[in-house]
Amino acid sequence: MKENPILETNDVTINFNGLVAVDSVNFKINEGESVGIIGPNGAGKTTFFNLLTGFFPPTKGKIFFYGRDITDKPPHKRVMMGIIRTFQLVSVFDHLSVLDNLILSNIKSSGISYSIGRFFFSEAHKPALKKICLEALKILGIEKKAEIMTSELSYGDKRKLEIAVALSMNPKILLLDEPFAGLSDQEIVEVSRIIKEFKKGFSMIIIEHKISRIVELVERLCVMHEGRLIAEGIPDQVLCEPLVREVYWGKEDGLVCSV
Ligand SMILES: Nc1ncnc2c1ncn2[C@@H]1O[C@H](COP(=O)(O)OP(=O)(O)OP(=O)(O)O)[C@@H](O)[C@H]1O
Ligand SMILES: [Mg+2]
């Protein structure tokens with residue numbers, strides 16, 4: 001595959017009062033590529049997403065988007081560039097209707113202020129925006145719930161809404177932090193199918209503990225441990241590396257590797 005990095009980190013590090021949560025990580029993802037990140041609890045996966053999306057400034061190192069240094073760019077500017085994320089704990093507005101969650105997020109990501117946005121989208125543009133948002137809900141199978149209060153949704157439906165919001169924001173790269181957490185087996189199958197179908201249109205990084213699910217969705221797997229990237233490559237091969245087996249499953253993992 002021809003290399004065309006969309007997002008890249010160079011030696012990126014964050015130190016929380018002595019705890020190095022992300023430690024000198026060099027990471028690269030190409031346009032159209034899907035990469036998984038696994039690792040034990042506390043390995044630094046979510047913190048790495050927080051660095052990529054601008055929620056935390058790195059203590060050291062640089063972050064590049066299409067080769068451009070974005071290390072100092074705030075989160076909303078990165079969203080406008082197409083760096084879109086979902087959160088480990090679902091993050092939606094409970095006090096808005098399902099549809100208004102999507103509309104508000106799209107107004108915010110367009111870069112216009114909320115008050116101007118409300119005026120702008122309340123008139124000529126609202127029907128077009130509403131159509132995009134309803135389509136996103138339809139993709140996730142929750143369009144019939146468009147008008148209800150988000151607080152009334154089940155956790156699984158809130159997760160679907162969060163993914164609908166992310167898809168409607170036209171990502172160039174989508175960062176999913178444990179998208180299957182809190183979902184039923186049936187919902188995991190549905191959401192996995194949707195991710196598989198739509199990931200063709202953008203690059204994707206997915207953090208997930210459910211390894212059997214993540215390997216179906218990504219071409220490359222990275223393993224984090226104590227803030228460091230300790231392995232990366234083709235999923236089946238990475239899962240068979242002795243160091244990965246040791247940190248992830250312990251010495252006596254008992255798994256049989258096929259490669
Ligand atoms: N804002 C913060 N301030 C201080 N320490 C933090 C902060 N955020 C994360 N940490 C610490 O950084 C380390 C990495 O946490 P992080 O949430 O990134 O792990 P994770 O790999 O996402 O784990 P999990 O699989 O449980 O979600 C942990 O020790 C955590 O306590
Ligand atoms: Mg996490």
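Indexing begins at 1, ligand by ligand and atom by atom, following the structure's order.
For the atom pair NE2 (His209) and CD1 (Ile207), the distance works out to 8.5 Å, reported to the nearest 0.5 Å. One finds the NZ atom of Lys160 at 13.5 Å from the CD1 atom of Ile139 (value rounded to the nearest 0.5 Å). Taken to the nearest 0.5 Å, the CZ atom of Phe48 stands 8.0 Å off from the SG atom of Cys222. Lys130 NZ to Leu102 CG: the interatomic distance, rounded to the nearest 0.5 Å, is 12.0 Å. Between the CG atom of Leu229 and the CE atom of Met224 there is a distance of 5.5 Å, given to the nearest 0.5 Å. Ile214 CD1 to Lys210 NZ: the interatomic distance, rounded to the nearest 0.5 Å, is 11.0 Å.
Within the 2.8 Å limit, Gln88 places at least one N, O or S atom next to the Mg ion (ligand 2). The Mg ion (ligand 2) has Thr46 among its coordinating residues (N/O/S atom, backbone or side chain, under 2.8 Å).
Here is the list of ligand 1 atoms found below 4.0 Å of a heavy atom in Gly44: 14 (C), 18 (O), 19 (O), 20 (P), 21 (O). Close contacts between ligand 1 and Thr47 involve ligand atoms 9 (C), 14 (C), 15 (O), 16 (P), 18 (O) [criterion: under 4.0 Å to a heavy atom]. Listed by number with element, the atoms of ligand 1 under 4.0 Å from a non-hydrogen atom of Asn41 are 23 (O), 24 (P), 25 (O), 26 (O).
Aromatic rings from Phe87 and Phe49 are positioned such that their centres are separated by 6.0 Å or more.
Remark: ligand 1 and Ala43 share an N or O pair separated by less than 3.5 Å (distance only, no angle test). Polar contact with ligand 1: absent for Ala21 (N/O pair, distance under 3.5 Å).
Within 4.0 Å of atom 31 (O) of ligand 1, not a single protein heavy atom is present.
Looking at Glu241 and Gln237, their side chains never bring a donor and an acceptor atom within 3.5 Å of each other. In this model, a donor atom of one side chain and an acceptor atom of the other lie less than 3.5 Å apart for Asn106 and Ser168.
Close to ligand 1: Glu178, with a non-hydrogen atom less than 4.0 angstrom away. Under a 4.0 angstrom heavy-atom cut-off, Gly42 registers as being in contact with ligand 1.
Remark: Arg85 qualifies as a cation-pi partner of Phe55 under the 6.0 Å distance and 45° angle criteria applied to the six-membered ring.
At the shortest separation from atom 21 (O) of ligand 1 among protein heavy atoms lies Lys45 NZ, 2.7 Å. Scanning the protein for heavy atoms near atom 17 (O) of ligand 1, the closest one is Thr46 CB, 3.8 Å. For atom 27 (O) of ligand 1, the closest non-hydrogen atom on the protein side is Gln88 NE2, 2.7 Å. In terms of protein heavy-atom proximity, atom 10 (N) of ligand 1 is closest to Phe16 CE1, 3.6 Å.
With a 4.0 Å heavy-atom cut-off, ligand 1 is reached by the side chain of Leu19 but not by its N, CA, C or O. With a 4.0 Å heavy-atom cut-off, ligand 1 is reached by the side chain of Phe56 but not by its N, CA, C or O.
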